> 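I am attaching a structure below and will ask some questions about it afterwards.
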2 protein chains.
Amino acid sequence: MAKADTPSSEDLLKLDSFLCFAIYSANHAFTRVYKPLLDDLELTYPQYLVMVVLWEKDDQTVGSLGEKLFLESSTLTPMLKRLEAMGYITRVRDRMDERQVRVRLTDTGRALRHRANAVPLGIAGATGMEPADLARLRAEIAALRASLLR
Amino acid sequence: MAKADTPSSEDLLKLDSFLCFAIYSANHAFTRVYKPLLDDLELTYPQYLVMVVLWEKDDQTVGSLGEKLFLESSTLTPMLKRLEAMGYITRVRDRMDERQVRVRLTDTGRALRHRANAVPLGIAGATGMEPADLARLRAEIAALRASLLR
DNA sequence: ATAAAATAAATCGTTCGCGATATAATCGCA
DNA sequence: TGCGATTATATCGCGAACGATTTATTTTAT
């Protein structure tokens with residue numbers, strides 16, 4: 001199958017598309033594995049990521065969330081409105097700088113964290129990998145992302 | 001920062017969300033890096049993946065494409081209609097089994113492959129990684145996906 | 001031979017995600 | 001001071017992506 005020669009650009013077309021595809025399909029796989037666990041919390045996977053960021057640090061601007069999640073306001077604004085409608089967060093213009101919107105957890109949103117603690121255990125189990133391997137892989141992929149966005 | 005103790009479920013909430021998030025954001029990063037390269041071909045990133053699969057093996061059913069790409073017909077059908085409208089593929093009911101739709105490259109679609117050969121080189125460069133490392137990482141992520149979907 | 005089960009795509013409604021653009025507030029500088 | 005540039009968020013249109021359902025065809029079992 002694999003030849004010792006320098007791969008032609010035709011071979012590369014396949015080869016390299018595979019790393020991106022591995023990531024693309026692994027991402028879908030994560031979405032699917034998370035779904036049943038998150039259904040209980042009535043959160044989608046991207047919404048869950050927003051909540052994780054807020055559980056770590058409450059009271060952030062839309063821009064700050066976007067920086068951490070690598071998302072644009074055009075993606076976040078509608079998502080945050082849904083989370084607000086569900087009663088998990090509030091969105092309030094900053095008094096000092098009315099351009100900014102401060103996103104804060106409600107008591108319900110904060111309380112959700114306890115129920116969410118069960119989620120990661122389920123995921124870690126689903127990967128079937130050792131914590132150390134997971135950490136190493138995570139770091140490598142994060143480095144890859146950083147290179148890509150450079 | 002890191003303690004030697006067994007991580008609590010609260011710590012895990014952060015830790016484990018990171019592998020999924022690393023993948024999630026790396027996937028977005030790939031989409032962004034591909035975009036300018038694919039704009040010339042008038043393909044989106046998912047459409048490009050479909051074309052890659054067809055360049056490898058022409059004349060496949062919707063189901064076969066879905067198996068390889070891990071996508072449902074509800075995702076593929078509209079995408080394939082767009083590729084058909086662009087003149088890159090044809091969609092024809094199979095005479096032998098009218099339930100199936102056979103997807104075939106047009107001459108234009110086949111010809112596109114040559115122009116697409118430039119794409120992977122650009123991506124490989126953007127990762128800044130050695131081919132061997134890329135291959136290893138790809139394999140690890142593919143294994144992870146397989147575990148998740150088990 | 002035909003009714004029931006299974007299979008393959010397509011359709012529908014919802015959520016994400018982006019780029020381009022709009023709106024509104026603040027900043028900087030003449 | 002006040003006006004142009006910058007910044008923060010929101011809006012819009014489009015293309016994925018999924019689950020649930022529908023339609024059409026084929027297979028199977030009776």
Side-chain angles (χ1 to χ4, degrees), chain A residues 20-21 23-36 38-39 42-51 60-67 69-86 89 91-103 149, chain B residues 20-21 23-36 38-39 41-51 60-67 69-86 89-103 149:
Chain A
C20 72
F21 176 63
I23 297 216
Y24 169 86
S25 56
N27 185 49
H28 293 169
F30 265 119
T31 304
R32 283 172 216 185
V33 172
Y34 268 105
K35 175 135 201 341
L38 294 178
D39 276 350
E42 305 207 272
L43 288 175
T44 66
Y45 176 53
Q47 286 167 2
Y48 168 73
L49 294 177
V50 170
M51 295 300 287
Q60 299 193 54
T61 64
V62 173
S64 152
L65 294 174
E67 258 178 62
L69 294 164
F70 302 96
L71 294 176
E72 306 297 319
S73 72
S74 46
T75 300
L76 279 171
T77 298
M79 259 179 68
L80 294 172
K81 284 185 175 178
R82 280 175 213 116
L83 288 171
E84 186 179 39
M86 285 187 264
I89 64 165
R91 293 162 59 249
V92 181
R93 287 273 163 196
D94 188 312
R95 284 259 191 76
M96 295 295 100
D97 184 344
E98 294 263 344
R99 289 172 304 181
Q100 299 185 145
V101 166
R102 303 213 69 91
V103 180
L149 295 183
Chain B
C20 73
F21 176 62
I23 298 218
Y24 169 86
S25 55
N27 185 48
H28 293 168
F30 265 121
T31 303
R32 283 171 217 185
V33 172
Y34 268 105
K35 176 139 199 340
L38 293 178
D39 276 350
L41 311 179
E42 304 207 274
L43 288 175
T44 65
Y45 176 54
Q47 285 167 4
Y48 168 73
L49 293 177
V50 169
M51 295 300 287
Q60 300 194 52
T61 64
V62 173
S64 152
L65 295 174
E67 257 179 64
L69 294 164
F70 303 96
L71 295 176
E72 307 297 318
S73 72
S74 47
T75 301
L76 280 169
T77 299
M79 260 180 66
L80 294 172
K81 283 184 177 178
R82 281 177 210 114
L83 288 171
E84 186 180 38
M86 284 187 266
I89 63 165
T90 59
R91 295 161 58 250
V92 181
R93 287 273 163 195
D94 188 311
R95 285 259 190 74
M96 295 295 100
D97 185 343
E98 293 265 342
R99 289 173 305 183
Q100 301 185 140
V101 166
R102 303 213 70 91
V103 180
L149 295 183

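Everything quoted here is computed from the prediction, not taken from an experiment. So you know, we letter chains A, B, ... as the sequences are listed, proteins then strands, and number each from 1.
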> Using a strict heavy-atom distance below 4.0 Å, which residues from residues 75-82 of chain A are in contact with DNA chain D?
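Hits under 4.0 Å, by residue number: A:T77, A:K81.
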> Specify the residues of residues 90-100 of chain B, ordered by number, for which at least one heavy atom lies under 4.0 angstrom from an atom of DNA chain C.
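Only B:R91, B:R93, B:R99, B:Q100 qualify.
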> Nearest 0.5 Å, please: how far is CG in B:L83 from OG1 in B:T90?
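Result: 11.5 Å between the selected atoms.
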> Residues two or more places apart in sequence or in another chain: which of them pass salt bridge (charged side-chain N to carboxylate O under 4.0 Å, His left out) with B:E72?
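Not a single residue meets the salt bridge (charged side-chain N to carboxylate O under 4.0 Å, His left out) criterion with B:E72.
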> How many angstroms lie between CG in A:L65 and OG1 in A:T75, if you round to the nearest 0.5 Å?
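So the gap between those two atoms works out to 12.5 Å.
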> Going by the rule side-chain hydrogen bond (donor to acceptor under 3.5 Å, both in side chains), which residues pair with A:E84 if we only count those two or more places apart in sequence or in a different chain?
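side-chain hydrogen bond (donor to acceptor under 3.5 Å, both in side chains) list for A:E84, sorted by chain: A:R91.
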> Report the distance from atom CE of A:M86 to atom CG of A:L43, rounding to the nearest 0.5 Å.
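Going from CE on A:M86 over to CG on A:L43, the span is 6.0 Å.
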> Can you measure from CD1 (B:I89) to CZ (B:R102) and round to the nearest 0.5 angstrom?
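The CZ atom of B:R102 is 13.0 Å from CD1 of B:I89, to the nearest 0.5 Å.
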> Please find the earliest and latest nucleotides of DNA chain D, in the 5' to 3' direction, that have an atom within less than 4.0 Å of any heavy atom of chain B.
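First and last nucleotides in contact are D:dG15 to D:dT26.
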> Could you pick out which residue, A:H28 or B:S73, lies toward the 5' side of DNA chain D when each is mapped onto its nearest nucleotide?
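Counting from the 5' end, the first nearest nucleotide belongs to A:H28.
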> Across the strands shown, which category fits B:T61 at heavy-atom distances under 4.0 angstrom: base, sugar-phosphate, nothing?
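Sugar-phosphate only.
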> Roughly how far, to the nearest 0.5 Å, is the CZ atom of A:F70 from the CG atom of A:L49?
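Result: 12.0 Å between the selected atoms.
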> Who pairs with B:R93 by side-chain contact (heavy atoms from CB on, under 4.5 Å), at least two apart in sequence or on another chain?
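Here the qualifying residues are B:E98, B:V101.
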> Shoot me the first and last contacting nucleotide of DNA chain C against chain A, ordered 5' to 3', at under 4.0 angstrom to non-hydrogen atoms.
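Both ends considered, the range comes out as C:dT15 to C:dT26.
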> Report the residues that fulfil side-chain hydrogen bond (donor to acceptor under 3.5 Å, both in side chains) with A:Q60, sequence neighbours left out, ordered by chain and then residue number.
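By the side-chain hydrogen bond (donor to acceptor under 3.5 Å, both in side chains) rule, A:Q60 matches A:S64, A:K68.
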> Excluding sequence neighbours, so at least two apart, what forms salt bridge (charged side-chain N to carboxylate O under 4.0 Å, His left out) with B:E67?
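B:E67: no salt bridge (charged side-chain N to carboxylate O under 4.0 Å, His left out) contacts found.
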> Going by the rule salt bridge (charged side-chain N to carboxylate O under 4.0 Å, His left out), which residues pair with B:R82 if we only count those two or more places apart in sequence or in a different chain?
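B:R82: no salt bridge (charged side-chain N to carboxylate O under 4.0 Å, His left out) contacts found.
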> With sequence neighbours left out, write down each residue that passes salt bridge (charged side-chain N to carboxylate O under 4.0 Å, His left out) with B:K35, or none if nothing qualifies.
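In terms of salt bridge (charged side-chain N to carboxylate O under 4.0 Å, His left out), with neighbours along the sequence ignored, B:K35 is linked to B:D39.
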> Enumerate the residue pairs fulfilling side-chain hydrogen bond (donor to acceptor under 3.5 Å, both in side chains) with a member in residues 23-32 of chain B, sequence neighbours excluded, ordered by first and then second residue.
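Counting only pairs at least two positions apart or across chains, the side-chain hydrogen bond (donor to acceptor under 3.5 Å, both in side chains) contacts touching residues 23-32 of chain B are A:R145-B:S25.
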